[in-house]
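Have a look at the structure below, then the notes.
We're numbering straight along the sequence, starting at 1. This is a predicted model, so every value here is computed, not measured. One-based numbering, in listed order, for ligands and for the atoms of each.
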Amino acid sequence: MAKSDWWKKSVVYQVYPRSYQDSNNDGIGDLPGLTSRLEYIKKLGADVIWLNPIYKSPDKDNGYDISDYRNIQDAYGTMSDFDEMLKKAHSLGLKIMMDLVVNHTSDQHKWFQESKKSKDNPYRDYYIWRDPVDGHEPNNWGSYFNGSTWKFDETTGQYYLHLFAEGQPDLNWENPKVRDEVWSVMKFWLDKGVDGFRMDVINLISKPAGLPDGPKADDERYADVGKAVADGHRLNEFLQEMNQKVLSKYDVMTVGEMPDSTPQDAIEYTGLDSNELNMVFQFDHVNLSPNKDIRLGKWNDEPVKLVELKKSLSKWENELDGKGWNSLYWNNHDQPRAVSRFATDDPKYRVRAAKMLGTTLQMMQGTPYVYEGEELGMTNVHYTKLSQYEDLESLNAYKEFVDDEEIVDKDSMLSYLADRTRDNARTPMQWDDSENAGFTKGKPWFELNPNYTEINAKASLDDKDSVFYYYQKLIDLRHHSDLIVYGNYEVLDIDDKEVFAYKRHYKGQTLLVISNFTDKELSRDYGQNDGELLIGNYNDDKETNLRAYESKVYLIR
Ligand code: GLC
Ligand code: CA
């Protein structure tokens with residue numbers, strides 16, 4: 001069917017339903033809650049909502065362990081609540097993009113329950129089962145959530161593969177029946193009228209033939225499974241089949257989450273003739289500043305160096321230009337809060353810094369994603385005790401690195417968790433300064449960030465200088481500018497450790513974007529005197545002068 005590139009001109013707003021709005025006071029966000037907040041999202045100016053999983057799930061990984069793809073999790077409401085949400089979103093001109101989690105299911109899914117019964121069960125081959133090797137796991141892969149990727153099952157004396165938690169067995173995409181099941185799930189939702197899919201860890205679905213050991217250092221217990229599995233040899237083929245059998249029949253938007261992908265991979269999947277996906281979520285910039293001890297991976301508390309950040313984002317901008325399409329994001333439900341991670345949440349600068357980050361990212365080429373609360377400048381929660389955490393990735397990491405292997409002391413690990421935990425993103429949305437921030441009148445499933453009395457949507461909507469209205473203006477600028485959507489990208493002074501400046505060029509016009517990533521007063525001249533100021537986070541313009549976290553955008557004709 002004929003397709004337009006509306007997804008290139010769109011801005012996506014991500015909703016983590018569990019933490020967005022509770023409607024029935026059980027402390028858990030839900031679909032009617034979201035429905036009641038759609039006008040707010042519309043007011044911001046977003047075009048598409050990406051909804052994290054709302055399907056039936058035992059919730060071991062907050063919905064990323066699905067036990068029934070065609071039904072709604074009780075806590076989130078009913079299918080008719082979903083239909084109503086979709087209808088209202090569409091009536092407001094908002095599109096809904098669903099999360100498609102098909103690298104794995106829950107161990108409670110009917111397919112897995114059958115699969116584990118016996119070696120000759122018709123569903124056996126829906127998952128990846130292997131005999132022990134010398135009484136051990138079949139290979140040396142380590143799970144994303146710590147420990148081995150293999151779990152022994154007594155009933156049949158074999159191991160099953162789980163790249164994530166034990167409760168998330170990997171589907172066997174080599175089996176054509178599995179692929180047909182997935183196409184049918186996709187059609188079920190597309191025929192309801194949803195507008196696209198964000199595909200969870202989709203570049204992990206094709207496992208290497210023979211499942212060989214991955215490379216690992218002597219002091220590492222397990223091999224990095226991402227390196228061993230990502231971008232497998234049949235991935236293109238599977239995605240093309242998905243396109244041919246499903247996606248090509250609908251005018252929808254797709255974004256594939258792809259840990260460990262390179263720009264070259266992304267061009268393959270999102271390239272103009274590839275017939276696979278519209279864009280991918282790459283991880284390079286969010287994986288910056290890992291721990292020096294590679295065994296600890298992402299767990300660290302060092303800030304990102306601006307030059308590295310510029311190099312990373314610029315590489316993706318340059319390499320995909322004209323060949324693929326970027327997605328632009330600072331944070332999501334798996335990442336700490338943008339303002340805390342990439343700038344500062346010091347109350348003195350928070351609002352300016354949040355606007356500065358928004359400007360820097362949203363003026364790039366690609367489709368911007370705003371994570372719930374980012375438009376308020378919501379911050380990390382800064383936990384100090386292990387008991388405050390909820391996320392299984394964080395808890396497993398603490399257990400493995402502090403309790404079991406003793407490779408890091410307790411205080412350092414608590415500091416790393418505070419900086420990087422996914423829980424930072426998952427504290428409930430801050431709507432107002434009433435009890436529980438207007439998120440629920442019950443007991444919230446997860447403690448709120450106590451700063452909600454200051455940082456909340458109501459305060460933002462009442463303040464014309466808020467991050468909210470600034471984001472609204474950024475989005476509006478994009479909606480009215482082909483230069484912002486299509487222009488190509490040129491980074492300026494890449495080795496400047498304090499300022500992130502770049503230009504965009506399109507049909508003889510130039511956009512100049514300048515952001516001061518420090519709290520110092522600086523001076524830089526990129527020719528902004530000849531430009532017209534389109535937006536800036538100080539109300540007056542001091543041209544070559546850059547104040548703390550100042551960011552400004554000029555049009556040069
Ligand atoms: C993705 C999701 C994350 C989840 C994991 C396993 O990375 O974004 O939240 O835990 O996949 O499904
Ligand atoms: Ca609820």
With a 4.0 Å cut-off, would you call [X] and [Y] a salt bridge?
X	Y	answer
Glu237	Arg234	yes
Asp107	Lys60	yes
Asp260	Lys227	yes
Arg426	Asp391	yes

Exercise. From Gly77, does some N, O or S atom reach closer than 3.0 Å to the Ca ion (ligand 2)?
Worked result: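 No, since none of the N, O or S atoms of Gly77 sits under 3.0 Å from the Ca ion (ligand 2).
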Problem set entry | Asn24 backbone or side-chain N/O/S under 3.0 Å from the Ca ion (ligand 2) |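 Here the distance criterion (N, O or S atom, under 3.0 Å) is met by Asn24, so yes.
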Any idea which N/O/S atom from [X] gets closest to the Ca ion (ligand 2)?
X	value
Asp30	OD2
Asp22	OD1
Asp26	OD1

Exercise. Any side-chain donor paired with an acceptor under 3.5 Å for Ser289 and Arg420?
Worked result: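 Side-chain D/A pair, Ser289 to Arg420: present.
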Exercise. Is there a donor-acceptor pair closer than 3.5 Å between any side-chain N or O of Asn175 and the backbone N or O of Asn172?
Worked result: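 Flag not set: sc Asn175 to bb Asn172 has no pair under 3.5 Å.
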For this session: Using ring pair (Phe, Tyr, Trp, His ring centres under 6.0 Å) as the criterion, point out the one residue from Trp325, Tyr269, Tyr329 that pairs with Phe281.
Result: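 So the option named by the test is Tyr329.
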Exercise. Hey, which residues fall under 4.0 Å of ligand 1 on heavy atoms?
Worked result: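 Lining ligand 1: Asp61, Tyr64, His104, Phe145, Phe164, Gln168, Arg198, Asp200, Val201, Glu257, His333, Asp334, Arg422, Arg426.
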Exercise. Hey, what's the ring geometry for Phe112 with Tyr127, parallel, tilted or perpendicular (30° and 60° as the breaks)?
Worked result: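 Phe112 and Tyr127: perpendicular rings.
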